[in-house]
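Proteins get letters first, then strands, A, B, ... in listed order; numbering begins at 1 in each.
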Amino acid sequence: MINIKEDPALNVLNHSCAHLMAQAIKHLYPHALFWVGPVITDGFYYDIDLQEQVITEEDLLKIEKEMKKISKDGKRITREEISKAEALALFKDDPYKLDLINNMDENEVVISVYRQGDFVDLCRGPHVESVKQLKFFKLLKVSGAYFKGDSKNKMLQRVYGVCFATEEALNDHLYMLEEAKKRDHKKLGRELNLFMISEYGPGFPFFLPNGMIILNELENFWYEEHSKEGYQFIKTPIMLNQQLWETSGHWSVYRENMYTSEIDDTMFAIKPMNCPGAMLVYKNAIHSYKEFPLRVGELGLVHRHEASGALNGLFRVRAFTQDDAHIFMREEQIEGEIIRLINFIDRIYSVFGLTYKIELSTRPLSKYIGSIEVWDRAEAILEKACLEAGKACKINPGDGAFYGPKLDFHIQDSLGRVWQCGTIQLDMNLPERFDLTYIESDGSKKRPIMLHRVIYGSIERFIGILIEHYGGAFPLWLAPRQIVIVPVNPEVHGQYAHEVASVLLQQGLRVEVDERNEKLGYRIREAQVNKIPVQLVIGDEEVANQSVNIRRYQQKEQNNCNLADFVINITKERDGKY
RNA sequence: GCCGACUUAGCUCAACCUGGCAGAGCAACUGAUUUGUAAUCAGUAGGUUGUAGGUUCGAUUCCUAUAGUCGGCACCA
């Protein structure tokens, strides 16, 4: 997907198109006031205060029409540099522009306005020379957006659009958006019977038999890989009492998002995070430096009361499984452990062919605990580890958790939306709150360093991302239905078909025999539609040669292969994920 | 939670604007057909139109509320 914001030519084009849209909206809604209209990754938007009026998606065509009219008129776009006083005078009736101008320092920035016909806007530019150049655009959606991004402020209306230099480029982009919609995990999840969400439990996903297979494969894979990395595993309770959450600090900070229930006059909360339980496990024994780094993993089911409007298929749910682990160590072990983790995460993602970006989130400006020196040191270690591991790392200033800095791994879905999956977080809070200790080599009691980390992030979300990433056509090891055997004539070839099936079943492959009373073409089509990786057709020839005829998903060619070789090849493919 | 849109058979959609017996394709089921690589033919069944109110002689259609879903915002794994 093209990043319009980072393409210099498209950036200018889209920015100018945002102005064109604003001009058209001003024509149609004379009372409209405009806040800002920036370029984003997939186009542009403008935030508008329509004062009681509403733009709905139906109105977008009308606005587009007006934009085309203005574009045809072909007015030049001109730049003027003005003083702050002049700017304040020019926009004296526009509180939004006054807000912007008042926040500008004349000595630092040049204040400029751009004019096109009857429209003038405060803007840094640059812009195209004439509105005539803005021909191939499309308004895509309209939504609400809080003024200055703060939910305490009033909501403005935000209209999104996109602009290209040629009709082909625009059409390609729109086509791609349509294609991406076909990969939507909610749609594929229903079609392939992977999961469902009932209105009786908004945000609480149900996994269906096919989805369960994917879930189990991912969990098995996770356990295997973590065992190799020296992890131990635990399972901590779903519910723990109020006192524990007070100790962890969640009761005061996170209470709104926690589900609670009273048991025998004591308040309990369903865990929104696994850490406090893991702390109790650590404290259950006395630990020595010799055990470090102590890696304790847990596939932990957590529940969080997420805002209703945030829910979105498997991407955002109220109950999910974190592939959590807590690692306890000495300070000098941090860097090595983090490098090791980055490589581990990289290896896992590469199995799925997922690309990702790492970001380092640093100390928040206000709400944080611990000393600045400790934060600086921790951030430096994270950044260094990232560089040592050979990964680029963008810095997100002030985005860290209150308890420590973190490295976040961001993966893109099919619509180009970015999801945080993996994260490595240093925690400077919980070891203190739970008074965790270990015995140093000199016999003294010391406080261990602890970090939390996840790789999938949430298995539910990760499955959503995988569904879209693969477009529902999973690699063999993950495919819920791996092989369909289609006897040409079930009555004649059915017996051999079942013999083949039982050989494959013994290898732990997921096999079905489709002996329905339907034409071969029908059954093949059905297997293709259901994105089943391997179809084996069996007729006279195959029975005679003790062979199978192989056709793969989305391929037309067929190959004959004797059964024994096929079994070897297919199991090798399944087990060779990397 | 906020803004907007949407909700009709298992799925995809029609009828709604302009109130008057709720339809189609796919899937399912039954029968015929016995099939060589993306849809064989015929038939059957499937619905308190998300829910609750209201307007009306009459509501899937108009109005109100509510739930859920989707696109964003805010939040976030």
How many whole angstroms separate atom [atom1] of [X] from atom [atom2] of [N]?
{"X": "A:K148", "N": "B:A74", "atom1": "NZ", "atom2": "C1'", "answer": "16 Å"}
{"X": "A:F315", "N": "B:G71", "atom1": "CZ", "atom2": "C1'", "answer": "14 Å"}
{"X": "A:R304", "N": "B:C76", "atom1": "CZ", "atom2": "C1'", "answer": "8 Å"}
{"X": "A:H250", "N": "B:A77", "atom1": "NE2", "atom2": "C1'", "answer": "13 Å"}
{"X": "A:L156", "N": "B:G4", "atom1": "CG", "atom2": "P", "answer": "13 Å"}
{"X": "A:F462", "N": "B:A77", "atom1": "CZ", "atom2": "P", "answer": "17 Å"}
{"X": "A:I197", "N": "B:C70", "atom1": "CD1", "atom2": "C1'", "answer": "12 Å"}
{"X": "A:D42", "N": "B:G71", "atom1": "CG", "atom2": "C1'", "answer": "12 Å"}

N-O pairing of A:R453 and A:E337 below 4.0 Å: no

Whole-angstrom distance between [N] and [M], as gauged at atom [atom1]:
{"N": "B:U48", "M": "B:G10", "atom1": "P", "value": "8 Å"}
{"N": "B:U66", "M": "B:A28", "atom1": "P", "value": "41 Å"}
{"N": "B:A67", "M": "B:A24", "atom1": "C1'", "value": "29 Å"}
{"N": "B:C75", "M": "B:A59", "atom1": "P", "value": "47 Å"}
{"N": "B:A27", "M": "B:G54", "atom1": "P", "value": "43 Å"}
{"N": "B:A22", "M": "B:G46", "atom1": "P", "value": "14 Å"}
{"N": "B:U69", "M": "B:U51", "atom1": "C1'", "value": "15 Å"}
{"N": "B:C76", "M": "B:G20", "atom1": "P", "value": "50 Å"}

field: Under 3.5 Å: donor-acceptor pair, side chain of A:E298, backbone of A:T236
entry: yes

Remember a base hit wins even if backbone is also touched, and classify [X] as base, sugar-phosphate or nothing at under 4.0 Å, heavy atoms.
{"X": "A:Y160", "result": "sugar-phosphate"}
{"X": "A:E541", "result": "base"}
{"X": "A:D540", "result": "base"}
{"X": "A:V454", "result": "nothing"}
{"X": "A:G313", "result": "sugar-phosphate"}
{"X": "A:L311", "result": "sugar-phosphate"}
{"X": "A:E58", "result": "nothing"}
{"X": "A:V302", "result": "nothing"}

task: Please identify each residue that fulfils side-chain contact (heavy atoms from CB on, under 4.5 Å) with A:I4, with sequence neighbours left out.
output: A:L10, A:N14, A:V39, A:V162, A:F164

[X] has a side chain; which of [options] sits nearest to it?
{"X": "A:R316", "options": "B:A74, B:A38, B:A39", "answer": "B:A74"}
{"X": "A:S308", "options": "B:U40, B:U37, B:G1", "answer": "B:G1"}
{"X": "A:A310", "options": "B:C75, B:U12, B:U37", "answer": "B:C75"}
{"X": "A:P202", "options": "B:G68, B:G4, B:G72", "answer": "B:G68"}
{"X": "A:E306", "options": "B:A77, B:U35, B:G36", "answer": "B:A77"}
{"X": "A:S143", "options": "B:U35, B:G72, B:G4", "answer": "B:G72"}
{"X": "A:Q558", "options": "B:C76, B:U37, B:G1", "answer": "B:U37"}
{"X": "A:E199", "options": "B:A74, B:U69, B:A67", "answer": "B:A67"}
{"X": "A:R190", "options": "B:U69, B:U37, B:U12", "answer": "B:U12"}
{"X": "A:V537", "options": "B:G71, B:A67, B:G36", "answer": "B:G36"}

- prompt: How long is the gap from CG on A:L100 to CZ on A:F34, to the nearest 0.5 Å?
  reply: 13.5 Å

Position toward the 5' end of RNA chain B (nearest nucleotide), A:E191 or A:K141: A:E191

task: Assign each of A:P490 and A:R516 to its nearest nucleotide of RNA chain B by heavy atoms, then name whichever residue's nucleotide is nearer the 5' end.
output: A:R516

Presence of donor-acceptor pair under 3.5 Å, side chain of [X] and base of [N]:
{"X": "A:N312", "N": "B:U69", "answer": "no"}
{"X": "A:E256", "N": "B:G1", "answer": "no"}
{"X": "A:Y146", "N": "B:G1", "answer": "yes"}

Answer yes or no: does a side-chain N or O of [X] lie under 4.0 Å from OP1 or OP2 of [N]?
{"X": "A:Y522", "N": "B:A27", "result": "yes"}
{"X": "A:R318", "N": "B:A77", "result": "no"}
{"X": "A:R551", "N": "B:A38", "result": "yes"}
{"X": "A:K186", "N": "B:G71", "result": "yes"}

task: Can you label the angle between the A:F344 ring and the A:Y231 ring as parallel, tilted or perpendicular, going by 30° and 60°?
output: tilted

- request: Report the relative orientation of the aromatic rings in A:W245 and A:H250; use parallel for angles under 30°, tilted for 30 to 60°, perpendicular for over 60°.
  value: perpendicular

task: In sequence, state the C-alpha distance, the side-chain angles, and the governing distance for A:I424 and A:I342, and then conclude on side-chain contact (heavy atoms from CB on, under 4.5 Å).
output: CA-CA 9 Å; A:I424 303 174; A:I342 293 171; 4.2 Å; yes

message: Taking salt bridge (charged side-chain N to carboxylate O under 4.0 Å, His left out) as the definition, give me every residue that meets it alongside A:R510, ordered by chain and number, with sequence neighbours left out.
response: A:E217

field: Residue list, salt bridge (charged side-chain N to carboxylate O under 4.0 Å, His left out) with A:K357, at least two apart or on another chain
entry: none

message: With side chain to side chain donor-acceptor pair (under 3.5 Å) as the rule and sequence neighbours excluded, what pairs involving residues 482-495 of chain A come up?
response: A:H493-A:D540, A:Q495-A:E499

message: Going by ring-ring contact (aromatic ring centres under 6.0 Å, His included), name the residues that satisfy it together with A:F147, two or more places apart in sequence or in a different chain.
response: A:W35, A:Y96

message: Assess the residue pair A:D150 and A:K148 against the criterion (salt bridge (charged side-chain N to carboxylate O under 4.0 Å, His left out)); give the C-alpha distance rounded to whole Å, side-chain angles, the decisive distance to 0.1 Å, and a yes or no.
response: CA-CA 5 Å; A:D150 188 334; A:K148 293 188 178 177; over 6 Å; no

message: Should A:F320 be counted as stacked on B:A77, where stacking needs a ring-centre gap under 5.5 Å and an angle between planes under 30 degrees?
response: yes

statement: Base-paired stretches in RNA chain B with three or more consecutive Watson-Crick or G-U pairs, both distances under 3.5 Å, amount to B:1-7 with B:67-73, B:10-13 with B:23-26, B:28-32 with B:40-44, B:50-54 with B:62-66

